[in-house]
Amino acid sequence: MRSFALLSLLSCISTARVPYSEYVLTPKSRTLRPSQVYNVNGTVDAAKDLTTKHSARTVFRGPSAVTYDFGKEVVGLVSFNVNEVVAPDESFIGISFIESRLWINSEGCDATADSGIDQALWWSVEPGGTYTAEKWHQRGGFRYLNVYHNTTGDVTLSDLTVDYTAIPQYSEEQLASGIQTGYFHCEDEQINRVWYAGAYMNQVCTIDATAGNSLIYLGVVNSTSDITEPLPWYNNYTISNGSAALVDGGKRDRLIWPGDILISQPGIFVSTYDMEMLRDSLDSLLVLQNASGALPYAGRPFGVEVPIWSFTYHLHSLTDIHAQYLYTGNDTYLQHNWDTYKLALNFSLSFIDSSGMANVTTSADWLRFGMGGHNIEANSILYYNLNQAINLAASANEALWDPELNLYRDNDTQPLTNLHPQDGNAFAIISNLTLNAERAVNISQALQSRWGQYGAPAPEAGETVSPFVSGFELQARYIAGRPEAAVNLTRLLWGDFMLDDPRMTNSTFIEGYSTNGDLHYAPYSNDPRISHAHGWATGPTSTLTFFGAGLQVTSAAGKTWLIEPQLGGLQNIEAGYQTNVGSFSSQVMALDRGGLNVTFSTPQGTSGNVRLRYAGRFASLTVSNLDEQNSATERKLSQRILRRQVSSDEMQEKVVTVDGLVGGNYNVILQVLDLA
Ligand SMILES: *[C@@H]1O[C@H](CO)[C@@H](O)[C@H](O)[C@H]1NC(C)=O
Ligand SMILES: *[C@@H]1O[C@H](CO)[C@@H](O)[C@H](O)[C@H]1NC(C)=O
Ligand SMILES: *[C@@H]1O[C@H](CO)[C@@H](O)[C@H](O)[C@H]1NC(C)=O
Ligand SMILES: *[C@@H]1O[C@H](CO)[C@@H](O)[C@H](O)[C@H]1NC(C)=O
Ligand SMILES: *[C@@H]1O[C@H](CO)[C@@H](O)[C@H](O)[C@H]1NC(C)=O
Ligand SMILES: *[C@@H]1O[C@H](CO)[C@@H](O)[C@H](O)[C@H]1NC(C)=O
Ligand SMILES: *[C@@H]1O[C@H](CO)[C@@H](O)[C@H](O)[C@H]1NC(C)=O
Ligand SMILES: *[C@@H]1O[C@H](CO)[C@@H](O)[C@H](O)[C@H]1NC(C)=O
Ligand SMILES: *[C@@H]1O[C@H](CO)[C@@H](O)[C@H](O)[C@H]1NC(C)=O
Ligand SMILES: *[C@@H]1O[C@H](CO)[C@@H](O)[C@H](O)[C@H]1NC(C)=O
Ligand SMILES: *[C@@H]1O[C@H](CO)[C@@H](O)[C@H](O)[C@H]1NC(C)=O
Ligand SMILES: *[C@@H]1O[C@H](CO)[C@@H](O)[C@H](O)[C@H]1NC(C)=O
């Protein structure tokens with residue numbers, strides 16, 4: 001608490017240090033060593049020495065292999081020294097890389113292609129040699145590293161290191177002093193780890209822009225072919241004009257995708273505020289707009305070589321432009337891209353037909369199935385981009401709502417489908433297409449009733465749990481005023497399964513998996529291909545900051561803001577971040593007898609509102625401006641509970657708003673006086 005008060009005071013002048021740096025997973029130096037030995041096959045002396053700086057004691061005797069564990073997901077270029085070789089013939093050392101321990105094997109890496117596995121890197125070794133992988137053989141994501149020796153004789157190795165190649169735009173000095181500008185903390189350690197893993201994973205997905213694209217076999221190697229030999233792999237395509245680019249996954253695809261940025265950009269905003277790298281990444285999509293206004297499904301080379309257009313991903317680019325502007329307040333950026341934006345939006349509108357809804361005619365989306373026709377996800381996303389188009393919302397509410405299940409149907413194709421998708425229903429809440437708060441609560445409960453042991457299912461993609469779409473369900477829960485359900489979803493899906501299951505990296509999140517807990521993702525035929533560091537799975541990082549700690553910017557990098565915390569059963573949450581207009585922070589604590597104690601700080605020259613929810617008949621509200629003496633204003637609230645016809649107690653909740661506050665340091669106490 002003391003450190004928080006200090007931070008608030010210093011926040012205007014200090015940008016380097018943020019509290020809770022002990023949770024940060026970003027390496028302090030680019031030179032990494034494995035943290036432990038996971039397994040030894042054959043005879044290897046002192047295998048553990050390769051995890052230290054000790055000189056040459058690890059000896060591979062005859063055919064043998066060691067699997068090293070970095071303890072978390074890492075990326076980069078491998079190097080090692082060979083001190084001695086005692087062998088009758090030529091000797092070889094091979095290295096391979098694995099994300100999930102499920103795929104450790106004696107032949108090579110896990111996979112990037114639709115079938116088979118990726119080759120190990122092999123060197124013919126001599127005494128005194130130093131061996132380093134070529135730049136295009138930087139592996140974009142692994143937790144385990146195998147070292148193989150495949151001949152008779154002895155080879156002594158030392159200095160097995162990995163040069164960390166992610167986030168290349170930061171210098172070694174910046175890494176040493178810490179690159180995070182935002183922080184988060186609450187009393188639940190698992191939720192803290194989820195927040196910091198999301199922040200870290202967006203860094204793993206920020207790559208050297210000249211080392212992109214791992215889909216080199218797209219359309220070449222197919223799932224039916226019988227591949228027996230490990231496949232070559234490399235990452236050497238220039239995907240943006242910046243020095244660094246935000247891609248979907250570290251290992252794969254290493255491409256710029258607008259859908260992934262929808263989740264990652266807010267995550268980067270609240271953790272490192274690296275908006276310039278994001279702008280360069282978005283620019284590489286916008287330059288590919290065609291004359292009709294269509295924006296690409298993905299960046300180069302995929303977006304130009306594969307003739308696929310996606311209605312939803314096109315709209316996601318528009319939301320990404322909007323977010324870039326919201327988080328930076330860069331008017332030039334908006335002006336510069338305004339024609340692109342308008343043309344693209346008009347193109348989307350041209351799909352609206354006599355039903356009042358858009359009829360989607362291309363199926364490409366986030367690898368869900370059956371995207372087409374008057375689809376609820378597509379129309380909710382369009383409505384999100386077109387807040388004013390009330391008619392569209394009315395049409396969808398009439399045609400697609402299924403009152404029996406309290407969920408929207410996927411589309412109105414006859415005979416009516418029984419598929420009620422997670423994506424469309426979550427987006428209907430986020431976009432407020434429901435036009436009504438009760439319906440939002442009902443949807444959120446109906447989605448929750450489908451949760452299984454391993455998370456929230458996305459039936460629109462088969463037997464799938466999608467961390468991407470669940471990121472939208474998470475937001476939808478807070479927006480529907482069900483924060484406890486949001487915290488529960490975070491624990492279940494991101495904490496218990498994606499962090500703590502032993503098949504995971506304990507530091508990054510998988511891109512998709514099966515509802516039965518298998519690491520199988522329905523759209524892929526090759527399980528080792530699944531990415532374990534996919535930026536689209538980082539939803540909790542921004543969501544916990546925006547909705548848990550309630551720290552939101554509502555215009556131009558925070559010229560206006562909203563403080564609307566929802567603890568959801570947690571006892572205290574702290575968060576902060578920095579933008580071009582200054583530092584923002586909030587600390588929220590539950591009061592013993594009901595209510596909230598919120599201390600927050602926003603920059604001078606800004607303005608904003610506070611919105612607090614409470615359950616109870618009477619409450620008092622005290623707003624103190626800590627920058628002025630004796631400024632406390634007290635308001636007594638004594639509204640009667642609104643009785644609504646809903647099943648949930650959570651609806652008997654009231655909202656109190658304090659508008660028109662100027663930037664500064666505040667304490668707000670909302671004390672519930674009676675819990676009738
Ligand atoms: C070590 O041996 C086990 C058991 O045969 C095998 O599953 C594993 O893939 C081997 N590890 C390496 C790195 O070769
Ligand atoms: C060891 O691996 C190298 C590189 O893949 C290969 O050329 C060599 O034939 C292998 N030797 C044996 C004995 O398997
Ligand atoms: C795909 O696999 C089938 C069956 O093995 C094979 O006949 C076909 O040539 C493959 N196609 C490509 C593009 O490799
Ligand atoms: C990438 O590397 C591969 C294999 O070395 C090479 O064939 C290809 O031309 C390179 N591509 C670019 C864009 O440099
Ligand atoms: C780099 O910028 C040029 C000029 O705007 C553009 O033609 C090119 O497509 C850009 N490259 C990438 C990878 O975005
Ligand atoms: C604002 O956006 C423009 C256009 O994209 C860009 O050239 C400029 O560098 C940006 N300004 C800042 C301060 O980032
Ligand atoms: C409507 O939804 C169902 C279920 O997802 C799907 O099978 C069907 O193809 C969709 N209709 C269109 C036109 O895409
Ligand atoms: C959507 O458009 C396609 C192509 O024009 C047409 O075949 C289909 O009937 C339309 N779907 C609906 C639901 O109107
Ligand atoms: C959602 O739409 C309804 C009806 O237009 C409106 O009353 C409500 O304020 C909107 N909610 C939000 C969060 O914008
Ligand atoms: C959240 O999980 C707790 C513990 O399992 C449970 O008691 C509570 O009812 C759940 N709340 C919601 C809204 O899901
Ligand atoms: C997972 O990582 C955390 C640090 O983020 C560490 O405290 C914990 O021990 C790790 N768990 C396992 C099982 O390695
Ligand atoms: C509210 O929190 C602040 C900052 O942590 C603390 O100083 C203050 O005593 C708390 N007030 C109440 C009523 O709990």
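Every number for a ligand or one of its atoms is a count from 1 in the order of the listing. All heavy atoms count here, side chains included; hydrogens, waters and symmetry mates do not.
- When each atom of ligand 7 is checked for a heavy atom of N411 under 4.0 Å away, the hits are 1 (C), 2 (O), 3 (C), 8 (C), 10 (C), 11 (N), 12 (C).
- Salt bridge E305/R300: absent, no basic N to carboxylate O contact under 4.0 Å.
- Atoms of ligand 7 found under 4.0 Å from any heavy atom of L419, numbered from 1 in the order shown, are 4 (C), 5 (O).
- Between S240 and ligand 5, a contact under 3.5 Å exists for no N or O pair.
- Near I239, the atoms of ligand 5 lying under 4.0 angstrom from a non-hydrogen atom of the residue are 13 (C).
- Residue G372 has at least one heavy-atom neighbour below 4.0 Å for each of these atoms of ligand 7: 12 (C), 13 (C), 14 (O).
- Donor-acceptor pairing under 3.5 Å is recorded for the side chains of E511 and Y524.
- Close N/O approach between T417 and ligand 7 is not found [any backbone or side-chain N/O within under 3.5 Å].
- Minimum interatomic distance between T545 and A575 (heavy atoms only, all atoms of both residues): CG2-CB, 4.1 Å.
- Partner of D69 under the salt bridge (charged side-chain N to carboxylate O under 4.0 Å, His left out) criterion, chosen from R33, K48, R101, R143: R143.
- Residue-level contacts of ligand 11 at the 4.0 Å heavy-atom threshold are R193, N506.
- The proximity of D283 to ligand 5, defined as any non-hydrogen pair under 4.0 Å, does not occur for either the backbone or the side chain.
- Side chains of K135 and T210: a donor-acceptor N/O pair is present below 3.5 angstrom, by distance only.
- Close approach to S284 involves these atoms of ligand 5, each under 4.0 Å from a residue heavy atom: 14 (O).
- Side-chain rings of Y297 and W257 approach one another, their centers coming within less than 6.0 Å.
- Checked for salt-bridge contact, R254 and D248 miss the test: no charged N lies under 4.0 Å from a carboxylate O.
- The only option from Q180, M201, E22 that meets the side-chain contact (heavy atoms from CB on, under 4.5 Å) definition with Y196 turns out to be Q180.
- With sequence neighbours left out, T67 forms a side-chain contact (heavy atoms from CB on, under 4.5 Å) with Y38, N39, I104, Y144, N146.
- With salt bridges taken as basic N to acidic carboxylate O contacts below 4.0 Å, one links K251 and D110.
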